[in-house]
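In what follows, a structure is listed as structure tokens, so that the remarks can point back to it.
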Amino acid sequence: MIGIFGGTFDPIHYGHLRSALEVKEIFNLTEVRLIPSAQPPHRQQPVATAVIRLQMLALAICDQPGFVADDRELQREGRSYMIDTLRSLRQDFPNQSLLLFMGSDAFNKLTTWHHWQDLFVYAHVVVLTRPGFKTQHLDDFFAVRLIADAQILANHKAGRLFFQPVTQLDISATAIRQMIAHGKNPRFLLPDAVITAIKQHRLYQ
Ligand code: ATP
């Protein structure tokens, strides 16, 4: 099983990294592919360039076995749609279960994503929730795909929806960017190597 963790990563921080490590262990994933969105379709464009966001991500995960910095969204022109990314991953990994991870904030907007229903053709969707989270009412499309037993994710390559509680550190890239803009020290919210890169490129000032 392969985990897919998309985001703007502007910059990557310990909230992302902690969740990625927990799901790697919970689902016994062969690898977690962290995929920076080159041109996010649904939000303001990132502050750092896609190349620098990818560099920061690579620095953050370089000593973590099983974590892969995946640059496929930087190799495409135009907006970075997850559906195109999943199609391309499915070509690379025809026989593996693909687990697309997202926070509940992202899941709540999933029906605005380009060809969102087709995401389930290529991958399972695993929503990362806070411990104690209760599932809200789900539309039929989701309700019929919802599973309670994680084992089913391994037995099928795609198509199911699962909610997984993980530790969610209250860290956001927005807060980190604001802290830097105000001259505050963001240390211990993100890896030191990423902070060094931010300083080198004079980002977020
Ligand atoms: P921004 O503040 O710029 O919006 P962000 O910190 O929310 O950024 P993104 O790159 O937009 O980070 O998020 C990528 C993915 O990581 C999303 O699925 C999001 O739900 C999840 N995520 C963001 N922050 C955390 C966190 N603190 N803990 C766990 N997951 C997170």
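Just so you know, ligand 1 is whichever comes first in the structure, and atom 1 is the first atom listed for that ligand. These figures come from a predicted structure and were not determined experimentally.
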- Task: Check whether the ring centres of H16 and F9 lie less than 6.0 Å apart, and answer yes or no.
- Result: yes
- Item | Hydrophobic cluster of V68, others only, ordered by chain and residue number, side-chain cut-off 4.5 Å | none
- Message: Heavy-atom count check: over 12 atoms from other residues, nucleotides or ligands less than 6.0 Å from D170 CG?
- Response: no
- Are F120 and W113 close enough that their ring centres sit under 6.0 Å apart? no
- Note on the structure: Joining Ile, Leu, Val, Met, Phe, Trp and Tyr whenever any side-chain heavy atoms lie under 4.5 Å apart, the cluster holding L74 also takes in V51, L54
- Message: Please list all pairs meeting ring-ring contact (aromatic ring centres under 6.0 Å, His included) that have one or both residues in residues 180-202, counting only residues at least two apart or in different chains.
- Response: none
- Heavy atoms under 4.0 Å from ligand 1: which residues qualify? F5, G6, G7, T8, F9, H13, G15, H16, S19, R43, M102, G103, D105, L169, I171, S172, A173, T174, R177
